[in-house]
Amino acid sequence: MGRKRFKDSVSIASYLSHHFKTVTGKNLLSYLTEVRMVKAAQLLATSELKINIIGDIVGYHKTQYFISLFKKQYGLTPQQYRRQHNLHQ
């Protein structure tokens, strides 16, 4: 990729990121993390999949990182969340 094309790509990405934040009030990474955590919470409540598998499904391949982000979002570890919300009990 040439320098000009790279610079143009960065400019477009920057514009889209700014526009996304203007429209949603969130940056793209925060939004994607929130979407992934909602899906993880749904899977924890409705399935008996292992936590590392759920992390993989929602895009986090390092289980400890997934657990850390989940706890930051919900104030509970995935295991604690599952105990409180599991529909299979």
Side-chain angles (χ1 to χ4, degrees):
M1 180 182 287
R3 235 184 267 176
K4 175 156 177 29
R5 190 167 178 187
F6 177 77
K7 184 179 174 186
D8 290 345
S9 294
V10 170
S11 293
I12 291 169
S14 178
Y15 167 78
L16 290 174
S17 178
H18 176 75
H19 185 68
F20 185 88
K21 187 169 185 170
T22 300
V23 171
T24 66
K26 299 176 184 176
N27 69 41
L28 186 56
L29 183 58
S30 296
Y31 174 78
L32 290 174
T33 300
E34 184 178 320
V35 168
R36 288 171 165 177
M37 293 298 114
V38 167
K39 180 63 176 177
Q42 176 191 16
L43 290 169
L44 287 163
T46 61
S47 78
E48 295 181 19
L49 292 170
K50 292 181 179 183
I51 290 168
N52 66 314
I53 300 299
I54 291 173
D56 280 341
I57 289 170
V58 298
Y60 298 104
H61 305 295
K62 295 187 188 241
T63 303
Q64 283 307 121
Y65 184 61
F66 166 64
I67 291 170
S68 172
L69 287 176
F70 191 92
K71 187 171 183 179
K72 186 177 178 183
Q73 180 85 17
Y74 288 98
L76 301 167
T77 66
Q79 188 64 38
Q80 292 167 331
Y81 185 92
R82 174 174 266 162
R83 281 191 208 117
Q84 290 184 13
H85 298 89
N86 197 307
L87 301 177
H88 293 286
Q89 294 179 354

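Numbering starts at 1 and runs along the sequence shown.
In this pair, Phe70 and Phe66 present their aromatic rings tilted. The plane angle is within the 30 to 60° band.
By the side-chain contact (heavy atoms from CB on, under 4.5 Å) test, His61 pairs with Asp56, sequence neighbours left out.
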* Asked: Glu34 and Lys26: side chain to side chain contact (heavy atoms under 4.5 Å, CB included), yes or no, with the steps?
  -> CA-CA 10 Å; Glu34 184 178 320; Lys26 299 176 184 176; 2.5 Å; yes
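Contact between Ala40 and Val58 at its shortest, heavy atoms only, is N-CG1, 3.8 Å. Scanning both residues, Asn86 and Ser47, for their nearest heavy atoms gives ND2-O, 3.9 Å.
Using a 4.5 Å cut-off on side-chain heavy atoms (C-beta onward), Val38 and Tyr74 make contact. Contact check for Leu76 versus Lys71: no side-chain heavy atoms found under the 4.5 Å cut-off.
Here the straight-line distance linking atom NZ of Lys21 with atom CG of Leu29 works out to 11.5 Å at 0.5 Å rounding. The OG1 atom of Thr33 sits 8.5 Å away from atom NZ of Lys72, with the distance rounded to the nearest 0.5 Å. Here Gln79 contributes atom CD and Ile67 contributes atom CD1; the two are 9.0 Å apart, rounded to the nearest 0.5 Å. Rounded to the nearest 0.5 angstrom, Tyr81 OH and Leu43 CG are separated by 10.5 Å. A distance of 9.5 Å separates NE2 in His19 from OG1 in Thr24, rounded to the nearest 0.5 Å. For the atom pair CD1 (Ile51) and OG1 (Thr77), the distance works out to 6.5 Å, reported to the nearest 0.5 Å.
Summarising the hydrophobic clusters (Ile, Leu, Val, Met, Phe, Trp, Tyr; side-chain heavy atoms under 4.5 Å, direct or chained), the residues clustered with Phe20 are Leu28, Tyr31, Leu32, Val35.
Applying the side-chain contact (heavy atoms from CB on, under 4.5 Å) test between Ile54 and each of Arg82, Lys39, Gln42 identifies Arg82 as the sole match.
Of the possible polar contacts, none joining the His18 side chain to the Ser14 backbone as a donor-acceptor pair under 3.5 Å is found.
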